[in-house]
Amino acid sequence: MSEYKPSAIEPKWQKFWKKSKTFKTDDSDTSKPKYYVLDMFPYPSSSGLHVGHPEGYTATDIIARYKRMKGFNVLHPMGWDAFGLPAEQYAVKTGQHPKVTTEENIKGFRKQLQAIGFSYDWDREVNTTDPKYYKWTQWIFLQLYKKGLAYQADVPVNWCPELGTVLANEEVIEGKSEVGGFPVVRKPMRQWMLKITEYADRLQEDLNELDWPESIKDMQRNWIGKSEGADIEFEVIGSNHKIKAFTTRPDTLFGATYMVLAPELDLVDEITVPEQRTEVNTYREKASLKSDLDRTDLNKNKTGVFTGAYAINPATGKEIPIWVADYVLAAYGTGAIMAVPGHDQRDWEFARKYDLPIIPVVEGGDISEKAHTDTTGRKIINSENNELSLNGLPVDEAKEKIVSWLEQKGSGKKTITYKLRDWLFSRQRYWGEPFPIIHVGNKSKALPEDKLPVKLPEVDKFQPADTGESPLHNVDEWVNTTDPETGLPARRETNTMPQWAGSCWYYLRYIDPKYEKGPVNPEKEKYWMPVDLYVGGAEHAVLHLLYARFWHKVLYDIGVVSTKEPFQRLINQGMILGELEFTALRDEYGHFVSTAGVKPEERVKYEPVSIPEKEVEKNGDQFVIKGTETVVDARSHKMSKSRGNVINPDEVIKRYGADALRLYEMFMGPLEQVKPWSMRGVEGVYRFLKRVWRLVIDDNNENLNKDVQDVEPTREQLKILHETIKKVTEDIDDNRFNTAISALMIFNNEAM
RNA sequence: GCGAGAGUGGUGAAAUGGUAGACACGCUAGAUUUAGGAUCUAGUGCCGUAAUUGGCUUGGGGGUUCGAGUCCCCCCUCUCGUACCA
């Protein structure tokens with residue numbers, strides 16, 4: 001027993017912790033300072049825990065234990081984001097109910113997490129698929145609905161009549177289904193939408209107060225995509241129609257030589273002249289068959305068609321032609337643009353192709369080469385009419401001046417536009433939260449709160465219905481119900497909520513998971529919120545993290561929560577890649593080919609061969625096969641089953657113990673950084689743990705500290721001790737666990 | 001294209017503008033061991049040298065400074081995100 005044996009030590013204490021609830025959060029004394037440290041909860045997959053999970057989880061666990069020891073009430077919970085597609089697809093294949101497989105997976109995950117020794121308060125576990133939990137997800141949806149933030153709309157989806165289903169953009173190639181090659185059309189279908197756009201400004205503004213990585217804040221800012229500009233109205237000649245176009249460059253209005261409408265606009269039909277009608281209709285039909293993916297592929301080659309109609313440029317008074325082109329998106333701005341080919345590259349390409357006039361209105365640049373988009377320090381030219389002159393003004397001043405002129409004339413106004421679209425909130429799936437909505441006749445109606453939860457019915461078929469509707473659509477005894485208020489026959493909404501719904505508010509449920517009067521106990525909410533530290537992967541930057549902020553702000557507005565933002569501080573752990581690999585390329589004759597000269601598209605011609613580290617040497621800044629000039633690739637790849645480089649945490653624990661796993665993942669490098677796994681690195685920290693053990697426990701299994709207690713340490717020894725304490729304290733406060741560990745290694749080396 | 005981040009030994013990486021490479025992996029030599037493993041000791045940025053003295057070194061180029069991996073400007077490369085957003 002004198003030897004370091006984690007397999008004997010760790011289970012013993014894990015059992016003790018579980019039995020005596022060592023890490024139960026006691027929040028009865030709210031005069032104590034609090035610290036709420038949160039992990040992004042996992043989807044309990046059938047393949048079990050990945051080494052990426054314990055990375056962030058270990059960091060938060062260190063902080064939780066550290067804060068507890070410093071006298072904080074610490075909330076450090078764990079739960080399951082358990083609705084989702086894999087469980088449902090597995091059910092379609094095997095007929096096994098997702099509830100059953102989900103339960104099994106959760107059991108597996110829980111066991112694995114406990115074997116790593118995390119100090120969670122397991123009494124606060126939440127599970128998004130538990131009706132007691134999703135009752136409150138539905139309740140929050142009802143509040144959104146009552147506030148007018150949830151609505152139904154016909155939005156275009158990729159519909160494949162042959163397959164009888166809706167397809168994702170990625171599943172559609174050149175207007176045909178990836179599976180079977182059947183035609184796909186973009187068809188409007190009635191879907192639930194959430195009005196996240198109403199919160200766009202606040203979601204953007206409040207980012208400034210958050211202690212989040214700049215990169216994540218930037219991604220959210222880009223996604224929300226606030227643009228300040230103006231809406232300008234253009235009269236259509238010979239009709240009562242006016243076209244409103246959004247622009248961020250009203251200063252270039254004098255250079256607007258044509259207009260473009262998105263093909264989807266109804267307006268196109270109304271203004272197209274009879275002789276152009278056939279051509280326009282053909283174009284619109286073709287455009288409707290394109291998926292968004294195709295549209296972006298055709299980036300370089302713009303197409304369009306003339307409507308035959310003309311509008312009047314309000315600045316120049318000149319007639320400008322109105323075109324239809326799919327480089328203009330219906331969903332952004334007004335779906336119509338004033339085209340300024342002199343100063344917008346897209347308009348320039350289009351004008352070149354269809355021979356439309358290009359006029360410079362900002363000094364500098366060469367518009368025979370490309371559009372002149374630079375504005376800094378530039379002055380306006382050629383922009384003058386009887387009432388207005390912008391000539392000589394810097395771009396910013398010209399914007400102000402022309403917009404106030406347009407406002408006076410009543411043909412334009414200052415506008416702010418966002419890229420953010422409303423959130424398509426319904427899915428045609430079984431394994432999700434049902435909507436608390438019934439349809440009576442043609443009307444949708446919210447169920448009263450006392451009818452919650454609307455439980456998922458038991459079914460034995462999980463396939464989508466042949467109409468492309470949710471599998472719930474066929475469950476007649478569930479679908480057919482009565483309106484509790486009028487007693488009239490009603491049909492339940494058969495779509496379900498997306499996986500994001502449950503994860504939008506789970507951090508609130510941990511606060512008092514058994515609370516029955518609302519999603520969260522208001523007293524305790526005031527104590528615990530906001531989350532002091534949230535750790536998770538960056539892949540949710542514009543999904544979960546934006547959606548959760550949106551819901552939280554709605555809950556704030558209706559008084560359910562007391563903070564404007566849910567997550568005060570955020571850290572993204574970097575992905576853990578597989579071990580460093582050296583790959584050579586071999587041609588059909590079995591000869592190695594230097595990777596240096598091979599273009600990415602030529603790679604398919606060769607067979608990749610993995611080369612052992614020992615047979616590789618460095619030559620300049622490249623790696624070559626020893627004794628040759630053959631350059632090999634040296635890279636770490638994302639862990640994947642197909643590549644066979646997945647590290648199973650269970651195996652690591654079996655060989656080296658949970659402490660070595662945790663310590664290694666913290667020692668690899670900075671938490672935020674992407675870094676490759678190294679089994680030798682695990683052995684390194686394992687050796688360190690063995691040395692620590694030997695320092696404390698002697699060959700007779702006696703605790704050596706007993707003997708040294710009476711020994712007076714030297715000044716030098718005290719200095720090292722205190723330096724270590726200082727360094728470790730500061731490093732934990734700054735989440736620099738790798739250097740905290742190295743300080744402990746230095747201390748241990750000295751102590752030995 | 002645009003946005004963000006990053007380039008330091010053979011590898012993962014350290015370094016309030018102040019001895020670059022801490023700590024660890026790997027490697028070399030030695031001790032112990034029947035052998036292997038484990039453990040311990042010493043060495044290990046690169047180029048010279050028998051050794052010492054020495055010279056060079058943080059992607060490239062310039063600048064600020066007594067002093068730059070760190071600050072400023074230009075360029076190159078890589079990673080991530082995003083994509084016709086008017």
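Letters A, B, ... are given to chains in the order of the sequence lines, protein chains preceding strands, and every chain is numbered from 1.
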Mind checking [X] for me? I need base, sugar-phosphate or nothing, with any heavy atom below 4.0 Å counting as a touch.
X	value
A:Phe667	base
A:Pro670	sugar-phosphate
A:Ile746	sugar-phosphate
A:Arg221	nothing
A:Arg691	sugar-phosphate
A:Gly333	nothing
A:Asn749	sugar-phosphate
A:Ser227	sugar-phosphate
A:Ser678	nothing

Under 4.0 angstrom between [X] side-chain N/O and [N] OP1 or OP2:
X	N	answer
A:Lys690	B:U39	yes
A:Asn738	B:A14	yes
A:Gln673	B:A13	yes
A:Lys419	B:A86	no
A:Arg635	B:U79	yes

d([atom1], [X]; [atom2], [N]) in whole Å:
X	N	atom1	atom2	value
A:Tyr686	B:A24	OH	C1'	17 Å
A:Lys618	B:C47	NZ	P	13 Å
A:Leu577	B:G12	CG	P	11 Å
A:Asp731	B:A22	CG	P	17 Å
A:Lys638	B:U79	NZ	C1'	13 Å

* In Å, rounded to the nearest 0.5 Å, how long is the span from CD of A:Glu579 to OG of A:Ser636? ->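 OG of A:Ser636 is found 9.0 Å from CD of A:Glu579.
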* Asked: So how far is it from A:Ser383 OG to A:Asp251 CG, rounded to the nearest 0.5 Å?
  ->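 Going from OG on A:Ser383 over to CG on A:Asp251, the span is 8.0 Å.
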* Kindly confirm or rule out a cation-pi arrangement of A:Lys302 over A:Phe350, judged by NZ or CZ under 6.0 Å from the six-membered ring centre and within 45° of its axis? =>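 No, a cation-pi geometry is absent between A:Lys302 and A:Phe350.
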* Asked: Do the ring planes of A:Tyr4 and A:Trp693 sit parallel (below 30°), tilted (30 to 60°) or perpendicular (above 60°)?
  ->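 Geometry flag for A:Trp693 against A:Tyr4: tilted rings.
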[N] - base-pair partner by Watson-Crick or wobble geometry, distances under 3.5 Å:
N	value
B:A20	none
B:A13	none
B:C78	B:G5
B:U28	B:A42
B:U33	none

* To do: Output the single nucleotide from B:U11, B:G3, B:A86 whose closest atom is nearest the side chain of A:Asn222.
  =>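 For A:Asn222, the side-chain atoms sit closest to B:G3.
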* Among B:A83, B:G10, B:A22, which is the nearest nucleotide to the side chain of A:Ser742? ->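 Closest nucleotide among those given: B:A22.
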* Whole-Å C1' distance, B:C84 and B:G61 ->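 Those two atoms are separated by 37 Å.
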* Asked: Per the side chain to side chain contact (heavy atoms under 4.5 Å, CB included) rule, which among A:Leu420, A:Leu203, A:Leu543 passes with A:Trp223?
  ->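 Answer after filtering A:Leu420, A:Leu203, A:Leu543: A:Leu420.
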* Asked: Are the aromatic rings of A:Tyr664 and A:Trp677 close, with centres under 6.0 Å apart?
  ->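 Ring-ring flag for A:Tyr664/A:Trp677: true, centres closer than 6.0 Å.
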* To do: Tell me whether the centres of the aromatic rings in A:Phe737 and A:Phe667 are closer together than 6.0 Å.
  =>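 Aromatic pair excluded; centres sit 6.0 Å or further apart.
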